[in-house]
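Each remark here refers to the structure printed beneath this line.
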Amino acid sequence: MNIRDFDDYALERGEAFSLAFPALMRKVYVWMAMALCITGLTAYGVASSPNLLLTLYSHHWLIIGLLFAELALVFAISGAINRLSLTTATLLFILYSALTGVTFSSIFVVYTMSSIGKVFFITAGTFAAMAFVGYTTRRDLSKMGGILFMALIGLIIATVVNLFIKSSGLELVLSYIGVLVFVGLTAWDTQKIKVMLAQQYDMSETSQKLALLGALELYLDFINLFLYMLRIFGSRNE
C-alpha cells in the first residue's frame, strides 16, 4: 500500500480500522520504550559493578561474542517472526535489549553522566520530531528510504575501515553522516510501520508480531541515533 492510499483505505475499513490501528501503533511505542528502559537499566547496572566491567572488557572475545549474539537475535526476530509465537518474539526482543545494555555499559565509563543525560534528551526530541514527520507527511518516503539504506551500507563499510586507520577526523564526519542517516530512517520507518499496520484487520497475534517488529526497527533507529549524537556532543571523562 502506498501512503497516498492510506486515507482511502481508512475510510473503507471504517470502525475496524479506527479500533485496531491506534492500538497497534501504541504497542509499537510501548514495546520500544520497554526495550529502551531495559537497555538503559542494564547498561547502568553493569557500569556500576567494577567486577563486571573488568570481566567484560578484559576479555575481548566476550564483547565480540555479545555483538554476534545481538546480530543473531535481530536476524532471528526479523527473519523468523512468522514462525515465532508472540511470547517467544517478545522474550527475544527483551533479551536483545538486555544484551545491548551490556555492550552499552562502556559509555558510562567513557562519557560523563551529565552529557549522557543531555544527549539522551536531544536524541529523544529529534526522534519524536522525525517520527511525527513520518507519521503525518503525505509524501511517499519509500524512495528516500532506499537511498538512506544504501547510505547506511556505505556508513558501515567506512566505519569498519576506520577501525583500522583510526582517524578521529573521519570518525567525526561519520558521526554527522550517521545522525543524518538515522534521522531520515526514523521518518521512513515510521511511515512504513504506519502503512503496514493499517492493513491489519484486528489485534490478532500476527498483527501484534508486526507491531513488535516495528518496535524493533524504531528501537534500532533510536539507539544508533543516540550513539552518533553521543560521539558528537558527549563530554568524555578525564
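This one's a predicted model, so the numbers in the text were calculated from it and none came from an experiment. Position 1 is the first residue of the sequence, and the numbers go up from there.
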Tell me the closest heavy-atom pair linking [X] and [Y], and the distance in Å.
X: I81; Y: A89; value: CD1-CB, 3.9 Å
X: T126; Y: M229; value: OG1-CE, 3.5 Å
X: A43; Y: F108; value: CB-CE1, 3.6 Å
X: A35; Y: S97; value: O-CB, 3.5 Å
X: A215; Y: V28; value: CB-O, 3.2 Å
X: F127; Y: L218; value: CE1-O, 3.7 Å

_Is it the case that atom CE in M203 sees more than 12 heavy atoms from other parts of the structure closer than 6.0 Å?_
yes
*Got more than 12 heavy atoms from elsewhere within 6.0 Å of CZ, F132?*
no
Side chains of [X] and [Y] in contact at under 4.5 Å (non-hydrogen atoms):
X: I153; Y: I157; value: yes
X: L220; Y: F182; value: no
X: I147; Y: M144; value: no
X: T39; Y: F226; value: no
X: L148; Y: L152; value: no
X: L185; Y: M130; value: no

*Applying side-chain hydrogen bond (donor to acceptor under 3.5 Å, both in side chains), which residue pairs with at least one partner in residues 169-184 are found, sequence neighbours left out?*
none
*Apply side chain to side chain contact (heavy atoms under 4.5 Å, CB included) to K194 and T190, showing your working.*
CA-CA 6 Å; K194 173 184 175 180; T190 300; 5.6 Å; no
*asked:* Tell me which one of V160, I165, T159 satisfies side chain to side chain contact (heavy atoms under 4.5 Å, CB included) with N162.
replied: I165
*Among L180, L155, I177, V181, find the residue that satisfies the side chain to side chain contact (heavy atoms under 4.5 Å, CB included) test when tested with Y228.*
L155
*Does the ring centre of F104 sit less than 6.0 Å away from the ring centre of Y44?*
no
Quick check for you: to the nearest 0.5 Å, what is the distance between [X] atom [atom1] and [Y] atom [atom2]?
X: I38; Y: L99; atom1: CD1; atom2: CG; value: 11.0 Å
X: I63; Y: L56; atom1: CD1; atom2: CG; value: 3.5 Å
X: L197; Y: L213; atom1: CG; atom2: CG; value: 9.5 Å
X: R231; Y: R236; atom1: CZ; atom2: CZ; value: 9.0 Å
X: Q200; Y: F21; atom1: CD; atom2: CZ; value: 11.0 Å
X: T112; Y: K118; atom1: OG1; atom2: NZ; value: 7.5 Å

*L141 and K192: side chain to side chain contact (heavy atoms under 4.5 Å, CB included), yes or no, with the steps?*
CA-CA 8 Å; L141 301 180; K192 183 175 63 175; over 6 Å; no
Would you say [X] and [Y] are hydrophobically clustered, going by side-chain heavy atoms of ILVMFWY under 4.5 Å?
X: W61; Y: V46; value: yes
X: L41; Y: M32; value: no
X: I64; Y: L95; value: no
X: F93; Y: V30; value: no
X: L92; Y: L71; value: no

Has [X] got a side-chain atom pairing as donor or acceptor with [Y]'s backbone, closer than 3.5 angstrom?
X: K209; Y: L84; answer: yes
X: S207; Y: D202; answer: yes
X: T137; Y: V133; answer: no
X: T186; Y: A131; answer: no

_Would T90 and W31 count as a side chain to side chain contact (heavy atoms under 4.5 Å, CB included) here? Give the steps._
CA-CA 9 Å; T90 303; W31 273 321; 4.1 Å; yes
*Quick one: sort the Y96 and Y219 rings into parallel, tilted or perpendicular, breaks at 30° and 60°.*
perpendicular
*Could you give all pairs that pass the salt bridge (charged side-chain N to carboxylate O under 4.0 Å, His left out) test and reach residues 78-90, with sequence neighbours left out?*
none
*asked:* Between T100 and E70, is there a side-chain donor-acceptor contact under 3.5 Å, judged purely by atom types and distance?
replied: yes
_Walk me through whether Q191 and D140 qualify under side chain to side chain contact (heavy atoms under 4.5 Å, CB included)._
CA-CA 8 Å; Q191 185 179 86; D140 186 357; 3.8 Å; yes
